[in-house]
K.L.:
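Here's a structure for you.
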Amino acid sequence: MKKRVERLRGMHDTLPEAYQHQRWVTDSLSTFLAQAGYATVDAPILEYSDLFLSSFGQELWQNLYAFRLHQRDLCLRPEYTASICRLYLDHYQQQPLPQRFQYAGPIFRYEAPGRNRYRQHTQLGVELFGGQTIFADAEIVQLACDMLQKLHITQYRLELGHIGVASGFIKRLRLDDHAARLLLSLMEQISRSEEGERAAQARLEALYPGNTAEEQSEDTTARGAKGAVSELETRFMSSLLNGISISFGDDAVRNEVVERFLWKVGRGEQRRQILHALEFMRALHALSGSPPLVFDELRALLARYELDEQPLAELEQLVAIVEQCGVHQQQIVLNLSLGRGVSYYTGLVFEIHARDEDGFEAQLCGGGRYDQLMRAIGSNRDINACGFAFGIERLLPLLSQNDLPKNEYTQALVIPVSQSDVPYALQVARSARLQGLRIEVDVNGHGVGAGLKVAVKKQIALAMIVGENEQRIQGVTLRDLQTGEERVTPVDALAEIVPHKEQRL
RNA sequence: GUGACCGUAGCUCAAUAGGUAGAGCACUGGAUUGUGGCUCCAGCGGUUGUGGGUUCAAGCCCCAUCGGUCACCCCA
């Protein structure tokens, strides 16, 4: 076999049917957003890597398609938000706020490909700059839901969260900035699973490494180091873990986890604070659920920790508005441990999930509020901003076939009788197209019989046979491939005849 | 990133226990030089993903690597 250049891993080709469907979805949603005042813009696919530093921290740096070219650090955009913010700063600062933008196009992330997951995929989204927080938040969440409505996708789950709760808590811990940010970005991972917590733990450990000599001695005599951890600390951790009922297999395993954690995290004040934060995040996660009940429970939790109720009040208003737009309470899940991958969110965060017909659940949409991103990428003032983006490829499997457009199939194939009739065939095709028909020409150069075979194989309903006889009268022999019926038709009249013939199919 | 399974013609797949690599579809030509679908005939097509190893002998066994699928992990 000849060596063939393969398609890149995680990249996909878009074939005619999928392309049509994708364009239909994009057009429908874009039209809808334009009705809401969102002007379509686009930005370069390639940007300076620095643009994405604040959104993709060091943790996600490896997920960028970044490279160095001519002494410049460049990067294929991993998302639109930062680019649109840059676009705003470059062109719109003199315009009055709020400003609304929509976009659609490819983005790139270097990740392990999987089902419904590509290294290049298409995002369609909006950014809303300025406006009052609660109203702007409500507008975009409502838009996201209405867009699904527009596509007749009704079975979905709307997850709402608010970074303000956890960040309010962390702020009080007086952690250093780096630790606080890391903790926040790990929140979702921590609350998801035992394994996730362990991974997060490792990252936090790296932040406050213990005494090197002690660690080495632990490696050689793991059990011998036991005495170094105080009885009190072990019991505290133990009861903490008990309280939030995580299953650890058996006591030995749990003790091991507790011990290693306390040991490795180091012994400073920071460690105690982090433990505190972990506990709080667990509690937040445990309380996720649907309104209205969950609000009471969350309010009680915030009161217990003496935290500001403002974020919760915002969410409550938001839920009320979203419900008025036809989203059922059962579809809404409040999850204050929702973190989202990127690190710039400051307030509302939300995601929309849905299950396809195979029962596979995928995230369709994600977004939130990021009031400090503008400053992070070089603005000299903060500009309130929020937005969201849909993954177009993930919407496609959820669409009903009835809604999707039919393929633009070819209506007739022009078959030249002999090679000398090709110029006339092309002329006929051109004339028919000018009349609005979709016409292909058989360019195989092998006669009428073979030409008709081509038409059948390609499932084209009509053939236009053209030779000397037809050219003499400026006509075609129009043959119906289904009935075998033939009639000679003037080229000028094709537009009237062809559509009628087709309807027989 | 981790684990499991898989990789043979353009596509879908065969190949006994390790013993000379096959079929259908598709494609090209013909039966049919201005009339198709059906049929028949012929042709084209391969370093068995790649590299190493074991063996008298490897598509098959072993190792590595690349790619694919699924489940985790993570994300849209």
K.L.:
Can you confirm whether the side chains of D27(A) and S30(A) place a donor and an acceptor under 3.5 Å from each other?
P.N.:
no
K.L.:
With the side chain of I465(A) defined as its heavy atoms from C-beta on, choose the nearest nucleotide among A76(B), G37(B), G34(B).
P.N.:
G34(B)
K.L.:
Hey, is R100(A) close enough to E127(A) for a salt bridge, meaning N to O under 4.0 Å?
P.N.:
no
K.L.:
Nearest of C27(B), G68(B), U35(B) to any side-chain atom of L452(A)?
P.N.:
U35(B)
K.L.:
Counting any heavy atom closer than 4.0 Å, what does A112(A) reach on the DNA or RNA strands: base, sugar-phosphate only, or nothing?
P.N.:
base
K.L.:
Name the atoms and distances for all side-chain donor-acceptor pairs under 3.5 Å in residues 443-450 of chain A, with sequence neighbours left out.
P.N.:
residue : atom : partner : partner atom : Å
N444(A) : ND2  : D442(A) : OD1          : 3.0

K.L.:
Taking for each residue the nucleotide of RNA chain B with the nearest heavy atom, is it A389(A) or P113(A) whose nucleotide lies nearer the 5' end?
P.N.:
P113(A)
K.L.:
Check whether any side-chain N or O of K453(A) sits under 4.0 Å from OP1 or OP2 of U35(B), and answer yes or no.
P.N.:
no
K.L.:
A cation-pi test, strictly: NZ or CZ of R115(A) under 6.0 Å from the centre of the six-membered ring of F360(A) and no more than 45 degrees from its axis. Yes or no?
P.N.:
yes
K.L.:
For G484(A), report the nucleic acid contact type (base, sugar-phosphate, nothing); a contact means any heavy atom under 4.0 Å.
P.N.:
base
K.L.:
For atom C1', what is the distance between G59(B) and A14(B), given to the nearest Å?
P.N.:
12 Å
K.L.:
Decide yes or no, distance alone: a donor-acceptor N/O pair under 3.5 angstrom between the base of G36(B) and the side-chain of R479(A).
P.N.:
yes
K.L.:
For the pair made of CZ in R9(A) and P in G1(B), what is the distance, rounded to whole Å?
P.N.:
8 Å
K.L.:
How long is the gap from NE2 on H285(A) to CG on L338(A), to the nearest 0.5 Å?
P.N.:
10.5 Å
K.L.:
Measure from CG on L395(A) to P on A76(B) and round the result to the nearest Å.
P.N.:
14 Å
K.L.:
Once you round it to whole Å, what is the distance between P of A76(B) and OH of Y345(A)?
P.N.:
7 Å
K.L.:
Please give, in whole Å, the distance from A76(B) C1' to F108(A) CZ?
P.N.:
14 Å
K.L.:
Categorize E393(A) for me: base, sugar-phosphate, or nothing, with a 4.0 angstrom heavy-atom threshold over every strand shown.
P.N.:
nothing
K.L.:
Heavy atoms only, 4.0 Å cut-off, all strands: where does S418(A) land among base, sugar-phosphate and nothing?
P.N.:
nothing
K.L.:
Considering only U35(B), C70(B), A76(B), which nucleotide approaches the side chain of V448(A) most closely?
P.N.:
U35(B)
K.L.:
Separation of N116(A) atom CG from A71(B) atom C1', in whole Å?
P.N.:
15 Å
K.L.:
When you get a sec, tell me which of G34(B), C74(B), G67(B) is the closest nucleotide to the side chain of R117(A)?
P.N.:
C74(B)
K.L.:
Over all strands shown, is Q120(A) touching base, sugar-phosphate only, or nothing at heavy-atom distances under 4.0 angstrom?
P.N.:
nothing
K.L.:
Given A76(B), G36(B), G34(B), which nucleotide is nearest the side-chain atoms of E470(A)?
P.N.:
G34(B)
K.L.:
Applying a 3.5 angstrom cut-off to the pairing atoms, does RNA chain B sit in any stems of at least three consecutive Watson-Crick or G-U pairs? List them by first number.
P.N.:
B:1-7 with B:66-72, B:10-13 with B:22-25, B:27-31 with B:39-43, B:49-53 with B:61-65
K.L.:
Provide the distance between the two C1' atoms, one in U48(B) and one in U35(B), to the nearest whole Å.
P.N.:
44 Å
K.L.:
So, are R117(A) and E393(A) salt-bridged, with charged N and O less than 4.0 Å apart?
P.N.:
no
K.L.:
Looking at R119(A) and E111(A), is any side-chain nitrogen of the basic one under 4.0 Å from a carboxylate oxygen of the acidic one?
P.N.:
no
K.L.:
If I take atom CZ in residue R119(A) and atom P in nucleotide C75(B), what distance separates them, rounded to the nearest angstrom?
P.N.:
17 Å
K.L.:
Please determine if E486(A) and R479(A) form a salt bridge, counting it only when a charged side-chain N lies under 4.0 Å from a carboxylate O.
P.N.:
yes
K.L.:
Check every strand shown and say whether Y118(A) touches a base, only sugar-phosphate, or nothing at a heavy-atom separation below 4.0 Å.
P.N.:
base
K.L.:
Take I352(A) and D421(A), find for each the nucleotide of RNA chain B with the closest heavy atom, and name the residue whose nucleotide sits nearer the 5' end.
P.N.:
D421(A)
